J.: 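Got a structure for you, written out below as structure tokens; questions coming shortly.
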Amino acid sequence: MYYQKLGELPRIPLALKFKIVKLAIKKFNKESMTHQFGDYGQIQEKLEKYGVTLKAEEKKYHDTTGSVGFYEMSKRYENKLKEYYKSVPNLSHRQFAMQVVSGGKHTAPHIDPPMFRKEGLLYILKTGGPAVKTTWYKLKEQHQEIGVNDSVGIPMQMLDEVESHILEEDCWHYFNFSEIHGVTNQPDVRFALWAY
């Protein structure tokens with residue numbers, strides 16, 4: 001499974017959401033991210049060996065990609081979230097971090113580093129735009145033998161789209177981060193809560 005909307009999980013209370021968003025914006029404007037999974041501006045190595053030659057627009061696409069980064073949640077807000085979700089089995093045992101997708105109108109297709117993130121839950125605090133798409137891909141059959149590295153961009157010409165979603169704000173979503181995925185049509189910064 002690549003993605004599932006988890007509409008049955010309770011929404012974060014609006015007052016708490018606004019406080020978390022305010023904190024995320026403050027940290028985004030003033031602090032370095034605690035972890036940043038690359039800017040995905042790099043692309044896979046040795047592509048020419050497998051008959052993949054990037055066109056100029058593809059190189060530009062990968063040079064202008066955004067990044068996915070994280071900030072620590074304040075203990076106060078994390079404790080409030082844990083208290084709020086203590087009777088929700090899917091969330092009661094999890095930790096929380098603030099995720100920010102920024103730096104470009106798209107994030108190149110990639111796989112997240114497996115030692116940090118294989119799957120998890122995201123709560124969209126701010127979508128980054130009214131029609132931002134998160135898309136999952138698979139390698140085209142002729143490129144299956146190449147395999148791909150994590151944390152670097154994968155050229156679009158090597159991929160077939162599997163599924164695409166516009167993620168609803170104020171809702172929990174299940175993500176498979178270990179499959180190839182990317183973001184398009186994002187005019188502004190996206191803020192989310194990552195439950196891991």
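What you see below is based on every heavy atom in this structure, not just the backbone, and it leaves out hydrogens, waters and symmetry mates. A quick note: this is a predicted structure, and the numbers were derived from the prediction, not measured.
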J.: Under a 4.0 Å N-O cut-off, is there an ion pair linking E78 with K75?
T.: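 Salt bridge flag = yes for K75 with E78.
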J.: Mind checking whether F96 and I20 have side chains closer than 4.5 Å, heavy atoms only?
T.: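 F96 vs I20: side chains apart.
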J.: Can you confirm whether the side chains of Y2 and H181 place a donor and an acceptor under 3.5 Å from each other?
T.: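 No pair is found: no donor N or O on one side chain lies under 3.5 Å from an acceptor on the other.
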J.: Rounded to the nearest 0.5 Å, what separates atom OH in Y123 from atom SG in C171?
T.: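 The SG atom of C171 is 7.5 Å from OH of Y123, to the nearest 0.5 Å.
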J.: Going by the rule side chain to side chain donor-acceptor pair (under 3.5 Å), which residues pair with K133 if we only count those two or more places apart in sequence or in a different chain?
T.: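 Here no residue qualifies.
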J.: Angle class for the F177/F175 ring planes (parallel below 30°, perpendicular above 60°, tilted otherwise)?
T.: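 F177 vs F175 ring planes: parallel.
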J.: Just to verify, what does T65 make a side chain to side chain donor-acceptor pair (under 3.5 Å) with, not counting sequence neighbours?
T.: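 Scan of T65 (side chain to side chain donor-acceptor pair (under 3.5 Å), adjacent residues dropped) gives none.
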J.: Check S151 against P113 and note the closest heavy-atom contact, atom names and distance.
T.: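 The pair with the smallest heavy-atom distance is OG-CG, 3.1 Å.
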J.: Check ring pair (Phe, Tyr, Trp, His ring centres under 6.0 Å) between H62 and all other residues, then give those that pass, not counting sequence neighbours.
T.: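 Scan of H62 (ring pair (Phe, Tyr, Trp, His ring centres under 6.0 Å), adjacent residues dropped) gives none.
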J.: Would you indicate whether the side-chain heavy atoms of I12 and L193 approach each other to under 4.5 Å?
T.: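 Yes, close enough: below the 4.5 Å cut-off.
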J.: E48: which residues meet the side chain to side chain donor-acceptor pair (under 3.5 Å) condition with it, sequence neighbours left out?
T.: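 E48: no side chain to side chain donor-acceptor pair (under 3.5 Å) contacts found.
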J.: Is there a path of hydrophobic side-chain contacts, each under 4.5 Å between heavy atoms of I, L, V, M, F, W or Y residues, that connects F18 with Y84?
T.: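 Each belongs to a different hydrophobic cluster.
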J.: With sequence neighbours left out, write down each residue that passes salt bridge (Lys or Arg N to Asp or Glu O under 4.0 Å) with E72, or none if nothing qualifies.
T.: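 None.
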J.: With D112, which residues qualify under salt bridge (Lys or Arg N to Asp or Glu O under 4.0 Å), at least two apart?
T.: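 Counting only residues at least two positions away or on another chain, D112 forms a salt bridge (Lys or Arg N to Asp or Glu O under 4.0 Å) with R117.
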J.: Does a side-chain heavy-atom distance below 4.5 Å link E169 with K17?
T.: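 A side-chain contact under 4.5 Å exists here.
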J.: So which residues get pulled into V132's cluster when ILVMFWY side chains under 4.5 Å apart are joined, directly or through others?
T.: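 Its cluster partners, ordered by chain and number, are V183.
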J.: Please name all residues satisfying side chain to side chain donor-acceptor pair (under 3.5 Å) with S74, sequence neighbours left out, ordered by chain then number.
T.: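 Counting only residues at least two positions away or on another chain, S74 forms no side chain to side chain donor-acceptor pair (under 3.5 Å).
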J.: Give the C-alpha distance, both sets of side-chain angles, the deciding distance and a yes or no for side-chain contact (heavy atoms from CB on, under 4.5 Å) between K138 and I180.
T.: CA-CA 6 Å; K138 65 179 181 180; I180 302 166; 5.9 Å; no
J.: Using the side-chain hydrogen bond (donor to acceptor under 3.5 Å, both in side chains) rule, pick out the option among E163, H173, H165 that qualifies with Y3.
T.: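 The residue from E163, H173, H165 that satisfies side-chain hydrogen bond (donor to acceptor under 3.5 Å, both in side chains) with Y3 turns out to be H173.
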J.: Taking atom types as modelled and ignoring hydrogens, do the side chains of H143 and E141 form a donor-acceptor contact shorter than 3.5 angstrom?
T.: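 No, because no side-chain N or O of H143 sits under 3.5 Å from a partner of the opposite role on E141.
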J.: Counting distance only, does the side-chain N/O of W172 pair as donor-acceptor with the main-chain N or O of L91 below 3.5 Å?
T.: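 Not at all, since once roles are kept as given, no pair shorter than 3.5 Å links the two residues.
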J.: E179 side chain to N176 main-chain N or O, any donor-acceptor pair under 3.5 Å?
T.: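 Answer holds: no.
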J.: When you compare the side chain of P109 with that of Y137, does any pair of heavy atoms fall below 4.5 Å?
T.: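 Counting from C-beta outward, Y137 and P109 do come under 4.5 Å.
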J.: Output every pair passing side-chain hydrogen bond (donor to acceptor under 3.5 Å, both in side chains) with a member in residues 183-196, not counting sequence neighbours, ordered by first then second residue.
T.: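 Every side-chain hydrogen bond (donor to acceptor under 3.5 Å, both in side chains) pair that includes a residue of residues 183-196, provided the two are not neighbours, is T134-R190.
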J.: Test T127 against L167 for side-chain contact (heavy atoms from CB on, under 4.5 Å), laying out the working first.
T.: CA-CA 7 Å; T127 61; L167 304 185; 5.9 Å; no
J.: Do Q95 and K82 meet the criterion of a side-chain donor-acceptor pair at a distance under 3.5 Å?
T.: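 Present: a donor and an acceptor within the cut-off.
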J.: Can you tell if the side chain of V100 reaches within under 4.5 Å of the side chain of F70, non-hydrogen atoms only?
T.: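 V100 does not reach F70 side chain to side chain.
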J.: Around atom NZ of K26, are there more than 12 heavy atoms from other residues, nucleotides or ligands closer than 6.0 Å?
T.: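 No, NZ of K26 has 12 or fewer neighbouring heavy atoms, counting only those of other groups under 6.0 Å.
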J.: Show the nearest heavy-atom pair for residues G153 and P155, with the distance to one decimal.
T.: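 Closest approach of G153 to P155: O-CD, 3.9 Å.
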J.: Could you tell me which residues satisfy salt bridge (Lys or Arg N to Asp or Glu O under 4.0 Å) with R11, sequence neighbours excluded, listed by chain and number?
T.: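 Salt bridge (Lys or Arg N to Asp or Glu O under 4.0 Å) check on R11 returns E168.
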J.: Are the side chain of Y71 and the backbone N or O of Q99 linked by a donor-acceptor pair below 3.5 Å?
T.: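 Here the side-chain-to-backbone pair does not exist.
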J.: Regarding E119 and Y174, do their side chains bring together a donor and an acceptor under 3.5 Å, going by distance alone?
T.: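 Checked: E119/Y174 side chains pair up, N/O donor to acceptor below 3.5 Å.
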J.: How about K27 and K30: do any of their side-chain heavy atoms sit closer than 4.5 Å?
T.: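 Of all side-chain heavy-atom pairs linking K30 with K27, none is under 4.5 Å.
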J.: Return the CZ to CG distance between R76 and L23, rounded to the nearest 0.5 Å.
T.: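 If I round to the nearest 0.5 Å, the distance is 10.5 Å.
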J.: Nearest heavy-atom pair of I111 and S178: which atoms, and what distance?
T.: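 The pair with the smallest heavy-atom distance is CG2-O, 3.6 Å.
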J.: Are I166 and I124 in one and the same hydrophobic cluster, where Ile, Leu, Val, Met, Phe, Trp and Tyr link if side-chain heavy atoms are under 4.5 Å apart?
T.: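 I166 and I124: separate clusters.
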J.: Tell me whether the rings of H106 and Y61 are parallel (<30°), tilted (30 to 60°) or perpendicular (>60°).
T.: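 Because their plane-to-plane angle is under 30°, the rings of H106 and Y61 count as parallel.
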J.: Answer with yes or no whether the hydrophobic clustering places V21 together with L16; edges join I, L, V, M, F, W, Y residues whose side-chain heavy atoms lie under 4.5 Å apart.
T.: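 In one cluster: yes.
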J.: As an exercise, state the distance from OG1 of T53 to NZ of K59, rounded to the nearest 0.5 Å.
T.: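 Going from OG1 on T53 over to NZ on K59, the span is 8.5 Å.
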J.: Going by heavy atoms in the side chains, are V152 and I43 under 4.5 Å from each other?
T.: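 The answer is no; the side chains never approach within 4.5 Å.
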J.: Could you go through the side-chain contact (heavy atoms from CB on, under 4.5 Å) check for V189 and V101 one step at a time?
T.: CA-CA 6 Å; V189 179; V101 182; over 6 Å; no
J.: With distance as the sole test, does Q44 use its side chain to make a donor-acceptor pair with the main-chain N or O of I154 at under 3.5 Å?
T.: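 No, the answer is negative, given that no donor and acceptor are paired below the 3.5 Å cut-off.
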J.: Please check if M1 and L9 belong to a single hydrophobic cluster, counting links between Ile, Leu, Val, Met, Phe, Trp and Tyr side chain heavy atoms closer than 4.5 Å.
T.: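 Yes, M1 connects to L9 through the hydrophobic network.
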J.: Measuring from M98:CE to Y77:OH, what's the distance to the nearest 0.5 Å?
T.: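 If I round to the nearest 0.5 Å, the distance is 9.5 Å.
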J.: K126: which residues meet the salt bridge (Lys or Arg N to Asp or Glu O under 4.0 Å) condition with it, sequence neighbours left out?
T.: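 In terms of salt bridge (Lys or Arg N to Asp or Glu O under 4.0 Å), with neighbours along the sequence ignored, K126 is linked to no residue.
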J.: What are the two closest non-hydrogen atoms of L125 and A192, and how far apart are they?
T.: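 Taking every non-hydrogen atom into account, CD1-C, 3.8 Å.
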J.: Report yes or no: does Q144 contribute a side-chain atom to a donor-acceptor pair with the main-chain N or O of L139 at less than 3.5 Å?
T.: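 Judged by distance alone, yes, a pair lies under 3.5 Å.
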J.: Are L6 and L121 side-chain neighbours, meaning at least one heavy-atom pair lies under 4.5 Å?
T.: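 Side-chain contact under 4.5 Å: yes.
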J.: Are K60 and E57 ion-paired here, with the side-chain N under 4.0 Å from a carboxylate O?
T.: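 Here K60 does not pair with E57 in a salt bridge, since their nearest N and O are not under 4.0 Å apart.
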J.: Among pairs that include at least one residue of residues 142-161, which meet salt bridge (charged side-chain N to carboxylate O under 4.0 Å, His left out), considering only residues two or more places apart or in two chains?
T.: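 Non-adjacent pairs meeting salt bridge (charged side-chain N to carboxylate O under 4.0 Å, His left out): zero.
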